[in-house]
J.: 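Quick one: the structure is below, and I'll ask about it shortly.
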2 protein chains.
Amino acid sequence: MSKKAISLKDVAAIAGVSVSTASKVLRGQGKASDATRERIMEAAARLDYEPNALGQFLAQGRSATIGVLTLNAPGAFTMPVLTGATTALGARDLSVLVADSRLDRALIAATVRKFRARKVDGLLVVGDGSGTAMRSVTDGFTVPVVYAYGLSDDPADVSFLHNGFVAGELAGRHLLSLGRRRIAHFSASLDDQSARERADGLRSVLAAEGLDLVGGRGFHGDWSRAWGRRAAEDLLASGEPFDAVFCGNDTIAVAASEVFRQAGLRIPDDVAIVGFDNLAGLMDQHDRALTTIDPLLSEVGTRAAEYLAEAIDGGEFTPGVHRVDGVLIEGDSTVGPLPR
Amino acid sequence: MSKKAISLKDVAAIAGVSVSTASKVLRGQGKASDATRERIMEAAARLDYEPNALGQFLAQGRSATIGVLTLNAPGAFTMPVLTGATTALGARDLSVLVADSRLDRALIAATVRKFRARKVDGLLVVGDGSGTAMRSVTDGFTVPVVYAYGLSDDPADVSFLHNGFVAGELAGRHLLSLGRRRIAHFSASLDDQSARERADGLRSVLAAEGLDLVGGRGFHGDWSRAWGRRAAEDLLASGEPFDAVFCGNDTIAVAASEVFRQAGLRIPDDVAIVGFDNLAGLMDQHDRALTTIDPLLSEVGTRAAEYLAEAIDGGEFTPGVHRVDGVLIEGDSTVGPLPR
DNA sequence: CTGTTAGCGCATTCAT
DNA sequence: ATGAATGCGCTAACAG
């Protein structure tokens, strides 16, 4: 009936030493004679001793839990970031206390209190990927705070974001490597930070080749399917020659593709299409129909989590924004259905 | 410089009472004179006292954290379950310790130890939605264990799953309500538990109308896009008349739709299509192009989490499998582009 | 009703 | 090199 969990005291007793030395030895700290060390280790092994984390936490004043503040947890793009972060933290024995406050001021305040009461060792704020920076909550804490998938409005904070500029470069270089020279760009308004980054990246590689976007500044509307169709129609109507389009997201890419096909254009022969988001990958559908940029959102979460974990262990913690480069996934819309 | 966190002792001191009474009063337990209660509450309020959770946990032998064992955390269908669960637990002040063991025996064993050492108050096992039951790990714990999005192989366990039978019924009833009578079914092999459930649900409502599936037992292959095309081609080749198809998933539905369109059939006029998964919704793309069943995976996670939380608080915990009914999302593929 | 006394399990000075 | 003594912050059984 001794279902009682075994404690350090038990180990010490069996090893014939005091609790304090047992504690030291088991944690590999301080000096101890090989003899006693041996006895202690053996006793611990025999009893299958596992230190009670609660005791350690109280004694050490840490909780081994990270507060996670989410702007929109159930969002399609937030979920990969969140799961990436939580599994990365879990792998480091850090538990996670999630609070999905929609930036409701009162809710946030309550959450901050709650996190403090729980003595969280760090805070991870997961944004919604929207271009607008979120209010910094850093000064509400004495522990490290990291922002992921969203920028804090305080430049002294550290945040992890997808690198939109590199994404634009990847798309551009890919198309150039395929011999395309007349490249258009369909995307959301340049007021949108992420749209602007991708556009800048694209234009930079074009400029390096002495090229400019077809249609001048590109076609900028919103992220919708409707805009994708509209942009394609506008481009066709303009009469300007083109042989490729980099679309700001997959939704636009698919809609535009439909319009092009209906207009009798062949993809990728007449026009190559590159999208962004890798929606298919998000759904585990690796049909490689559309060439696209995968922003590796899960890695954004992972990297942010690991940086936070390091910071807690006394690692470096320097303000700034860290960018995670995505990867280009080749698909039929640019390289065609290869016989692979 | 008194950055020191205020403790119960401070409150007690100011209120001029002992720590224990302060504890009692602040937790609303036992009796206390209105006078002292007043003083204590006031002192706590004035100091902005918040109990140190670590102290409570150690004293109460609980950790307020749930161990989450995942089979495949980054999976597209697992993520909604996981985020649903973690946010629901967070809302109840329960933190979450995630371990993504791919059912690796050794890894699982290590995880179980870790969870015990952390004194988790409960365990949530998140499966991968595959038909095959997973090995029960319940006997490794003395705390409540709940399985979500996957069945345990021990009938004494409690698990939360999507209700595939109801999904089949929903699809069937929807098609019948539209006047369709010649309904086919494209899905994965009936060896697959989830495929079988959906098929059974569909056939049951058809049977109630004295109808049978077009093509007898339906077209069963796998979950792939390729199979969707193949099934559509086979059905067309069979020459059997049909006016609707319920597809086991959206991937099959989309592929089949393409074949039908190429064959000159109009959707939904000639053939109505119902899918399953609501992939578009998973990606926040509410284009309502395809009528589909949304399995509400996030709710599967939420319900499982809440049940677990209740069980921990002494709520009921009766073995069995709980089914979460999905919902049918109407789209153009059955009701057409209505002027709504 | 209220205060005293013990723990909870471990880490950590400080002596020895 | 080892052990005794404290403290972490709170809860709970028992007295008064």
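Below, chain A is the first sequence line, B the second, and so on; all start at residue 1.
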J.: Distance check: side-chain N/O of B:Thr21 vs OP1/OP2 of C:dG3, anything under 4.0 Å?
T.: yes
J.: Give a yes/no answer on whether the side chain of B:Tyr49 brings an N or O atom under 4.0 Å of OP1 or OP2 in D:dC10.
T.: yes
J.: Taking atom C1' of C:dG9 as reference, at what distance in whole Å does atom CD of A:Glu50 sit?
T.: 14 Å
J.: Contact class for A:Leu54 (heavy atom, under 4.0 Å): base, sugar-phosphate, or nothing?
T.: nothing
J.: Expressed in angstrom and rounded to an integer, what is the separation of A:Lys24 atom NZ from D:dA5 atom P?
T.: 16 Å
J.: Under 4.0 Å: is that the gap between some side-chain N or O of B:Ser7 and OP1 or OP2 of D:dC8?
T.: no
J.: Whole angstroms only, please: what is the CD-C1' distance between A:Gln56 and C:dT12?
T.: 14 Å
J.: Take the protein atom CD1 of A:Ile6 and the nucleotide atom C1' of C:dC8, then report the distance between them rounded to whole Å.
T.: 16 Å
J.: Compare the minimum distances between each of D:dC8, D:dT11, C:dT2 and the side chain of A:Ala59, then state the nucleotide with the smallest one.
T.: D:dC8
J.: Consider the side chain of B:Lys9, meaning its heavy atoms from C-beta on, and name the nucleotide among D:dG3, D:dC8, C:dG3 that approaches it most closely.
T.: D:dC8
J.: What nucleotide among C:dT2, D:dC8, D:dT2 has an atom nearest to a side-chain atom of A:Leu58?
T.: D:dC8
J.: At 4.0 Å (heavy atoms only), tell me whether A:Val17 reaches a base, stays on the sugar-phosphate, or touches nothing.
T.: sugar-phosphate
J.: Quick check: do B:Leu282 and A:Leu282 have side-chain heavy atoms less than 4.5 Å from each other?
T.: no
J.: Specify the separation, in whole Å, of atom CD of A:Gln60 and atom C1' of D:dG7.
T.: 14 Å
J.: Look at all strands and tell whether A:Leu8 reaches a base, only sugar-phosphate, or nothing, counting heavy atoms closer than 4.0 Å.
T.: sugar-phosphate
J.: State, yes or no, whether a side-chain contact exists between B:Leu58 and A:Leu54 at a heavy-atom distance under 4.5 Å.
T.: yes
J.: I need the NZ-C1' distance between B:Lys119 and C:dC10, as an integer number of Å.
T.: 12 Å
J.: Please state how far atom CZ in B:Arg62 lies from atom P in D:dA12, giving the value in whole angstrom units.
T.: 11 Å
J.: Would you mind telling me which residue lines up with the more 5' stretch of DNA chain C, A:Asn52 or B:Gly16, judged by nearest nucleotide?
T.: B:Gly16
J.: Using a strict cut-off of less than 4.0 Å between a Lys/Arg side-chain nitrogen and an Asp/Glu carboxylate oxygen, indicate whether B:Glu50 and A:Lys119 qualify as a salt bridge.
T.: no
J.: For the residue pair A:Asp157 / A:Thr138, report whether a side-chain donor-acceptor contact shorter than 3.5 Å exists.
T.: yes
J.: Could you tell me whether the side chains of B:Ser130 and B:Asp128 share a donor-acceptor contact shorter than 3.5 Å?
T.: yes
J.: Can you find a side chain N or O atom of B:Ser20 that sits less than 4.0 Å from OP1 or OP2 on C:dT5?
T.: no
J.: Please give, in whole Å, the distance from D:dG9 P to A:Arg118 CZ?
T.: 17 Å
J.: When you measure from the side-chain N and O atoms of B:Arg27 to the phosphate of D:dA12, is any distance below 4.0 Å, counting only OP1 and OP2?
T.: yes
J.: Is the shortest side-chain N to carboxylate O distance from A:Arg46 to A:Asp48 below 4.0 Å?
T.: no
J.: So which nucleotide from D:dT2, D:dC8, D:dT11 ends up closest to the side chain of B:Ser23?
T.: D:dT11
